[in-house]
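So the structure is just underneath, and the comments pick up after that.
Side-chain atoms are counted along with the backbone in the values below, which use heavy atoms only and exclude waters and symmetry mates. Note that this is a predicted model, so its numbers are computed, not measured.
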Amino acid sequence: MSEGANKNLPRSSVKTRFRILHCLRAPVGGLFRHVCDLAAAQSSAGHEVAVVCADTGDALTIARLDRLGAKLSHGVHRIAMGRDLGLADARATRSVFGLARSLDIDVVHGHGAKGGAYARLAARMLRARRTPPVCIYTPHGGSLHFDPSSLKGRVLFALERQLEGMTNGIIFESAYSAGRYSAQVGSPKIATRVIANGVGDEDFETAPLDADATDLLFIGELRTLKGVDVLLDAIATVSAVRPVTATIVGDGPDAAAFKAQTQALGLADRVRFPGAMPARAGFKMGRTLIIPSRAESFPYIVLEAAAAQKPLITTRVGGIPEIIGACGTPMLEPGNVAALTAAIFDTLTAQHAADANATALSKRIAQHFSVTGMSADILDFYQVAAAQRHSSANLGTRRLWLSA
């Protein structure tokens, strides 16, 4: 991120109790975990919090939303939100606006491309209020993963530039995301801060392996971006030399293709697909977690696995190097079957070294990536952004008076 974008604003000495509305679209993945952790932590700190998201999800998602809603003074609200741009977006924006107005919200915090758009448009509609809400945006990757040379990328980045003018501050979860934003959208003209995702104390509990645990493990959405096809090709190469087993946890649009690839490679008796489940349940099913992603932002699965002292092999993409640091965990170039095959061989033949790297990485996570620290830093950023907006509003009023 450029010096102009990274304002590194001073911390606020004033503490305010906020009424906060978090807005996101799909209640899935790391973005959903982030909002759940942040909203719960803010509520525990005495703030009045609500969450609004799309009216979608399986039974597991609905149960998580119910548990989250029980912790929040203003609950969880579910409305219709479309995945692609369309007329439904106008209705969703009006719904977010109505909710923010009825709850007299102080801070509207949008997460992801769609949640960020709804939040900022709703905040703009509330500017007529005596004290309009502060509007904060966290991209979480979102539109930043699109090719800027593609038509969709050009449209999305143009929209991001327009929406920035309705925003009081942007929070990036990694320096990588901040750099991508500056390169693709432009250097931000508003306050920004990099605040890393964090994990809680419960994430540091080690998960004992099941009796039938496999050598390798993948946990995530089953789509090509996550590199499961690369992992399967590497497993086939390793299997030609020595026995190796794997568990692929998750579901997604490319699940059928990966299962077909498993059959075609002759791995049906070595690779199992148990479906989607919480990460901690999945940790018991395999010894070494493989993260072969072609692209990431700041993945929670790396934080969660590292906290639980799970040996890792990952790609060097997105904000992952910011998590790993100098702890020795293998980081590979994405899409490189040969490199992944070699790393798997190394781990299988020197498990003690992989375990030592996992222990060192867990200590690093405990020092630098906590939910408590994340929440405190975000609340401080709200305070600073609110103070800046108030100062700008007063300056505008003084200029109007002097010109009269």
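Applying the side chain to side chain donor-acceptor pair (under 3.5 Å) test to Y181 and every residue at least two apart in sequence or in another chain returns E164. For D201, the side-chain contact (heavy atoms from CB on, under 4.5 Å) criterion is met by no residue, not counting sequence neighbours. Residues meeting the salt bridge (charged side-chain N to carboxylate O under 4.0 Å, His left out) test with E221, sequence neighbours left out: R223.
F258 has its side chain within reach of D229: a pair of non-hydrogen atoms, C-beta onward, lies under 4.5 Å apart.
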Pair H109, T138 - check side chain to side chain contact (heavy atoms under 4.5 Å, CB included), show working. CA-CA 8 Å; H109 190 160; T138 302; 2.8 Å; yes
Begin from the C-alpha positions of L216 and V238 and carry the test side chain to side chain contact (heavy atoms under 4.5 Å, CB included) through to its verdict. CA-CA 12 Å; L216 308 177; V238 174; over 6 Å; no
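Each of R316, R180, K226 was scored for a salt bridge (Lys or Arg N to Asp or Glu O under 4.0 Å) with E296, with one residue passing: K226. No option in V230, I219, L312, L231 other than L231 meets the side-chain contact (heavy atoms from CB on, under 4.5 Å) test with I290.
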For residues 268-283, tabulate all N or O donor-acceptor pairs below 3.5 Å that involve a side-chain atom, not counting sequence neighbours.
{"residue": "R272", "atom": "NE", "partner": "T247", "partner atom": "OG1", "Å": "2.7"}
{"residue": "R272", "atom": "NH1", "partner": "D212", "partner atom": "OD2", "Å": "3.1"}
{"residue": "R272", "atom": "NH2", "partner": "D212", "partner atom": "O", "Å": "3.4"}
{"residue": "R272", "atom": "NH2", "partner": "T247", "partner atom": "OG1", "Å": "3.3"}
{"residue": "R272", "atom": "NH2", "partner": "M285", "partner atom": "O", "Å": "3.2"}
{"residue": "R280", "atom": "NH1", "partner": "D203", "partner atom": "O", "Å": "3.4"}
{"residue": "R280", "atom": "NH1", "partner": "E205", "partner atom": "O", "Å": "3.2"}
{"residue": "R280", "atom": "NH2", "partner": "E205", "partner atom": "O", "Å": "2.3"}

Tabulate below the donor-acceptor pairs under 3.5 Å that side-chain atoms of residues 324-345 make, not counting sequence neighbours, or state none.
{"residue": "N336", "atom": "OD1", "partner": "A338", "partner atom": "N", "Å": "3.2"}
{"residue": "N336", "atom": "OD1", "partner": "A339", "partner atom": "N", "Å": "2.9"}
{"residue": "T341", "atom": "OG1", "partner": "V337", "partner atom": "O", "Å": "2.8"}

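Ring geometry for F18 against Y382 counts as perpendicular: the plane angle is over 60°, on a 0 to 90° scale with 30° as the lower cut.
Within a 6.0 Å radius of CZ in R83, other residues, nucleotides and ligands contribute 12 heavy atoms or fewer. Counting non-hydrogen atoms of other residues, nucleotides and ligands closer than 6.0 Å to CZ of R33 gives a total above 12.
For D254 (side chain) and T224 (main-chain N/O), a donor-acceptor pair under 3.5 Å exists by modelled atom type. Panel note: side chain Q42, backbone I20; no donor-acceptor pair is recorded below 3.5 Å.
Applying the salt bridge (charged side-chain N to carboxylate O under 4.0 Å, His left out) test to every pair with at least one member in residues 101-114, sequence neighbours left out, gives these pairs: R19-D104, R19-D106, D89-K114, D104-R129.
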